[in-house]
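Take a look at the structure set out below.
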Amino acid sequence: CSTIFRERYTREADKLMVVAPLTVEKEREIFKSVRHPWGFGFGGLGLDPRIALIRPTAVDVFKKTEKNVNFFKEYPIAKDKKTFTTPTLNDVIEFDLSKTGKGVAKYLSPKVLLFTGFVTKGKEYDLGGNSSISFGDTNLGWATVSLTEVGKNSDLLVLTGEMRNTDMTIEELGDEKITVGNRWGKAPVRCEGIPATITFSARSSNVKCWALDESGNRKQEVLIQKTADGLKLDLKPEYKTIWYELETVK
């Protein structure tokens with residue numbers, strides 16, 4: 001996340017912000033009718049919350065924002081629109097909401113690749129640059145994958161899914177709401193091992209992969225297969241990690 005922030009924080013395109021004004025009178029009106037903090041978001045102020053998938057968004061409570069950024073009072077989006085791409089300079093942010101309640105998001109840049117969302121077992125997901133990923137069974141039908149450049153010839157690969165404390169108990173409340181009440185469980189935190197297959201091209205065919213321990217030390221080499229189209233990496237829960245290092249060997 002810090003790498004993404006450093007890559008993006010000076011972007012001119014990000015200054016094209018969509019701002020929703022919030023007056024004291026409007027705040028009181030929302031609080032009396034909704035009595036919930038989400039009422040003060042874009043939806044509660046009458047704007048489409050999907051705008052945040054395309055532009056930076058803000059709520060202006062001091063009437064000062066429009067002096068510093070481009071101010072949009074309206075930003076219409078077609079009701080049936082399901083895919084979104086954020087206009088940027090050197091990177092791409094994509095959102096796919098084709099499956100209701102089960103979206104997928106991707107961030108692609110020279111230094112970071114991020115994929116997160118609800119996944120279908122066996123389906124190949126494009127990661128850009130002639131790379132793709134497919135997943136096995138996951139506990140929640142969901143996974144997050146990130147690949148970050150951490151050195152000249154080294155990248156950190158992270159795959160995460162469900163995480164919870166030992167003996168934590170989650171109670172379904174209905175209407176897609178859950179609670180743990182006071183049943184938070186105890187240490188250690190248990191992390192799901194995500195089964196995935198990644199195919200990719202690389203600067204060199206001589207690439208090595210290691211499963212890392214919780215301190216970032218190499219504990220086991222993971223075999224990378226050479227294919228006609230590039231390289232193939234099979235990641236399994238048996239490696240007992242969420243962190244992997246990829247090294248391009250000269």
Side-chain angles (χ1 to χ4, degrees), residues 1-7 104-168 170 184-250:
C1 290
S2 63
T3 303
I4 293 174
F5 177 79
R6 290 195 299 269
E7 283 191 306
V104 172
K106 290 190 292 185
Y107 175 84
L108 306 174
S109 78
K111 291 187 177 181
V112 181
L113 181 155
L114 175 68
F115 173 97
T116 185
F118 292 89
V119 297
T120 301
K121 178 182 178 180
K123 179 179 177 180
E124 279 201 2
Y125 295 89
D126 178 33
L127 297 178
N130 297 318
S131 301
S132 65
I133 187 169
S134 62
F135 299 90
D137 286 316
T138 60
N139 291 355
L140 304 175
W142 170 87
T144 294
V145 179
S146 64
L147 182 66
T148 309
E149 180 182 298
V150 293
K152 186 175 182 180
N153 298 307
S154 184
D155 297 273
L156 177 65
L157 175 64
V158 186
L159 292 89
T160 57
E162 184 179 18
M163 296 185 185
R164 63 170 71 180
N165 293 336
T166 301
D167 296 332
M168 176 183 284
I170 296 177
W184 287 97
K186 59 189 177 184
V189 176
R190 304 178 67 84
C191 304
E192 176 186 10
I194 299 296
T197 298
I198 302 174
T199 57
F200 59 98
S201 56
R203 298 184 296 271
S204 167
S205 60
N206 192 11
V207 179
K208 290 189 175 183
C209 177
W210 286 271
L212 306 179
D213 65 16
E214 64 277 10
S215 298
N217 300 311
R218 297 172 179 176
K219 66 174 184 177
Q220 181 180 355
E221 186 169 359
V222 180
L223 177 65
I224 296 181
Q225 304 173 48
K226 294 182 180 180
T227 68
D229 300 321
L231 303 174
K232 180 180 178 182
L233 180 60
D234 285 319
L235 304 175
K236 304 174 183 178
E238 287 85 341
Y239 292 121
K240 296 186 181 298
T241 188
I242 61 173
W243 305 285
Y244 300 86
E245 178 188 355
L246 290 172
E247 182 184 29
T248 303
V249 183
K250 294 183 178 180

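Residue indices begin at 1 and follow the sequence shown. Atoms considered below: every heavy atom in the structure, side chains included; atoms not considered: hydrogens, waters and symmetry mates.
Interatomic distance, OH of Y125 versus OG of S132, reported as 12.0 Å (0.5 Å rounding). Interatomic distance, CG of N130 versus CZ of F200, reported as 12.5 Å (0.5 Å rounding). For the atom pair NZ (K219) and CD (E214), the distance works out to 7.0 Å, reported to the nearest 0.5 Å. How far CH2 of W210 is from OG of S154: 8.5 Å, rounded to the nearest 0.5 Å. Taken from CG in L212 to CG in N217, the straight-line distance is 8.0 Å, to the nearest 0.5 Å.
Residues passing the side chain to side chain donor-acceptor pair (under 3.5 Å) test with N139 are E162, sequence neighbours excluded. Remark: T160 engages no residue in a side chain to side chain donor-acceptor pair (under 3.5 Å) (not counting sequence neighbours). For E124, the salt bridge (charged side-chain N to carboxylate O under 4.0 Å, His left out) test picks out no residue, with sequence neighbours left out.
Here the side chains of L246 and L233 are in contact, with some heavy-atom distance below 4.5 Å. Using a 4.5 Å cut-off on side-chain heavy atoms (C-beta onward), L147 and L127 make no contact. Between D126 and K106, some side-chain heavy-atom pair lies under the 4.5 Å cut-off.
Of all heavy-atom pairs between I224 and C209, the closest is CD1-CB, 3.8 Å. Shown here for A211 and Y239, the closest heavy-atom pair between the two residues is CB-CB, 4.2 Å. Among all heavy-atom pairs drawn from P237 and G193, the shortest one is CG-O, 3.4 Å. Across every non-hydrogen atom of T227 and L231, the tightest pair is OG1-N, 4.0 Å. The two residues L108 and G128 come nearest to each other via the heavy atoms CD1-CA, 4.3 Å.
Using a distance-only test at 3.5 Å, with no hydrogens or angles considered, no donor-acceptor pair links the side chain of T241 to the main chain of D213.
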For residues 109-121, which side-chain donor-acceptor pairs fall under 3.5 Å, sequence neighbours excluded?
| from | atom 1 | to | atom 2 | distance (Å) |
| --- | --- | --- | --- | --- |
| S109 | OG | E7 | OE1 | 2.7 |
| S109 | OG | E7 | OE2 | 3.2 |
| S109 | OG | K111 | N | 3.4 |
| S109 | OG | V112 | N | 3.1 |
| S109 | OG | V112 | O | 3.3 |
| T116 | OG1 | T144 | OG1 | 2.6 |
| K121 | NZ | D137 | OD2 | 3.2 |

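Identified under the salt bridge (Lys or Arg N to Asp or Glu O under 4.0 Å) test for residues 186-202, with sequence neighbours left out: D167-K186. The salt bridge (Lys or Arg N to Asp or Glu O under 4.0 Å) pairs that include a residue from residues 232-245 are R218-E245, where partners are two or more places apart or lie in different chains.
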>> Set out, in order, the CA-CA distance, both residues' side-chain angles and the distance that settles side chain to side chain contact (heavy atoms under 4.5 Å, CB included) for F135 and V145, then state yes or no.
In response: CA-CA 11 Å; F135 299 90; V145 179; 3.9 Å; yes
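Each of V158, L235, L159 was compared with I194 under the side chain to side chain contact (heavy atoms under 4.5 Å, CB included) criterion, and only L159 meets it.
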